[in-house]
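This report refers to the structure that appears directly beneath it.
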Amino acid sequence: MKKILLTPGPTPVPEEVLLAMAAPILHHRTEEFGEIFSRCLDGLKYVYQTSNEVLVVAASGTGAMEASVVNFSRPDDKVIVASCGNFGERWTKILRAYGINPIEISFGWGQAVDPAEIEKRLKENPEIKAVYTTLTETSTGVVNDIETIGQVVARSEAILVVDAISGLAGDKLLTDEWKVDVAVSGSQKGLMLPPGLAFVSLSPKAINLLETATLPRFYFDFRLMRKSVGTKETPFTPAVSLFVGLDRALAMIKEKGLGNIWRDCEKMARAVRQALLSLGLKLVAERPANIVTAAYLPENIDGGKLVKTLRQEYGISIAGGQGKLKGKIIRLAHTGYISPSDILAGLGALEKVLNNSGYKVSPGISLSRFSETINNV
Ligand SMILES: *Cc1c(COP(=O)(O)O)cnc(C)c1O
């Protein structure tokens with residue numbers, strides 16, 4: 001059976017990228033690798049819209065999140081976590097693992113982070129060192145107003161650390177213009193690669209904290225990584241084949257243009273929202289992202305079972321809910337190499353499974369709504 005991935009990570013990988021990665025392995029202490037490495041860093045700066053330094057880590061996105069805790073902090077630091085879902089809460093879990101108890105500004109799952117609340121807490125606590133938050137909260141399909149949060153945090157001494165793991169190259173992110181000090185991302189979402197690489201951009205304000213931080217770090221020490229960038233290397237063996245794939249994926253992104261990628265994600269997002277509404281489903285996000293859409297299922301439908309049926313009977317992978325939304329929602333991604341025809345296949349199968357579960361929808365309704373909307377944007 002042909003399989004279609006509509007999950008918000010991993011996302012499908014283009015054939016060009018897969019073939020590039022199938023080439024025989026290179027040694028990493030060579031000029032040949034050095035050139036790929038430099039091109040990748042330049043390409044990442046374009047995708048991040050930054051002139052800041054960008055580092056690449058061999059880890060999943062969470063590894064770069066952890067690295068963005070240990071490289072800036074001391075155990076007695078005061079930091080803020082502004083969250084509105086599962087991934088925002090991950091910042092708190094990582095900080096606690098290192099003995100830091102953050103000031104938590106939590107919003108309901110489905111709501112967005114209110115920048116005014118961050119501003120208030122920063123005023124009350126001028127000694128705050130860092131504000132951790134999320135660009136696109138993949139668990140609920142919310143996109144946060146990082147532009148406004150960036151203005152608020154820039155007026156304080158704190159650095160702004162943003163989890164842009166699912167958002168990068170899908171939802172708009174202007175790292176420099178929005179004053180994001182540290183933007184974390186990963187390979188397996190908008191960048192159209194397999195899992196395994198993670199990225200971090202560092203502003204001068206963030207770089208200043210590297211020396212004063214005292215939490216334990218070794219593999220994830222940004223100081224070592226920055227040093228080896230000068231010789232076009234990584235401190236330890238890089239994930240060579242993933243770099244080769246990244247080089248190819250970044251070339252594809254450049255060729256298409258970031259603005260066009262953002263626009264296509266936005267078009268698909270609007271059309272998916274209309275399609276799900278046409279099925280009578282309620283959307284989860286009050287400030288919906290362009291890379292993923294989450295919708296509540298009718299109460300008598302078991303989300304876990306529905307996701308499994310779609311995968312086993314139709315070869316379509318969508319995501320269910322996480323944490324407190326487990327079993328209650330579905331999430332469809334529209335980023336990276338996902339195209340409208342993949343989504344049409346997903347919607348068609350979803351309609352069938354809903355009908356078979358006793359929730360009657362008029363066959364084809366979401367497909368025609370999707371097509372009408374995407375052609376009218
Ligand atoms: C996928 C994702 C992560 C986690 O990344 P891993 O690669 O699974 O470690 C973190 N934050 C957000 C917002 C994500 O979507």
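All ligand and atom numbering here is 1-based and tracks the order in the structure. Values in this document were obtained by computation on a predicted structure and should not be read as measured data.
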Please output the side-chain donor-acceptor pairs of residues 114-124 that fall under 3.5 Å, not counting sequence neighbours, one pair per line with the distance.
{"from": "Asp114", "atom 1": "OD1", "to": "Ala116", "atom 2": "N", "distance (Å)": "3.0"}
{"from": "Glu119", "atom 1": "OE2", "to": "Arg155", "atom 2": "NH2", "distance (Å)": "2.9"}

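Considering backbone and side-chain N/O of Gly61, one or more are found under 3.5 Å from N/O of ligand 1.
Looking only at protein heavy atoms, the nearest one to atom 1 (C) of ligand 1 is Lys189 NZ, 1.3 Å. Of all protein heavy atoms, the one closest to atom 6 (P) of ligand 1 is Ser60 OG, 3.4 Å. Looking only at heavy atoms of the protein, atom 11 (N) of ligand 1 is closest to Asp163 OD2, 2.6 Å. Considering only non-hydrogen protein atoms, atom 3 (C) of ligand 1 sits nearest to Phe87 CE2, 3.4 Å.
Cation-pi check for Lys189 over Phe87 is met; the charged atom lies under 6.0 angstrom from the ring centroid and within 45 degrees of its normal.
At least one heavy atom of Thr136 sits less than 4.0 Å from an atom of ligand 1. For Glu137, the heavy-atom gap to ligand 1 stays at 4.0 angstrom or more.
Interface of Thr62 with ligand 1, defined as ligand atoms under 4.0 Å from a residue heavy atom, comprises 4 (C), 5 (O), 6 (P), 9 (O). Taking every heavy atom of Thr138 and a limit of under 4.0 angstrom, the matching atoms of ligand 1 come to 12 (C), 13 (C), 14 (C), 15 (O).
Below 30°, between 30° and 60°, or above 60°: for Phe236 and Phe218 the angle between ring planes is between 30° and 60°, a tilted geometry.
A salt bridge is defined here as a Lys NZ or Arg NE, NH1 or NH2 lying under 4.0 Å from an Asp or Glu carboxylate O, and Arg90 with Asp163 fails to meet this definition.
Using a distance-only test at 3.5 Å, with no hydrogens or angles considered, a donor-acceptor pair links the side chain of Trp91 to the main chain of Thr133. Side chain of Ser228 to backbone of Glu233: a donor-acceptor contact under 3.5 angstrom is found.
Contact annotation for Arg90 and ligand 1: only side-chain heavy atoms (C-beta onward) come within less than 4.0 Å of the ligand.
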- Message: Determine whether His334 and Thr293 satisfy the following criterion, side chain to side chain donor-acceptor pair (under 3.5 Å), listing intermediate values before the conclusion.
- Response: CA-CA 8 Å; His334 23 81; Thr293 299; 2.7 Å; yes

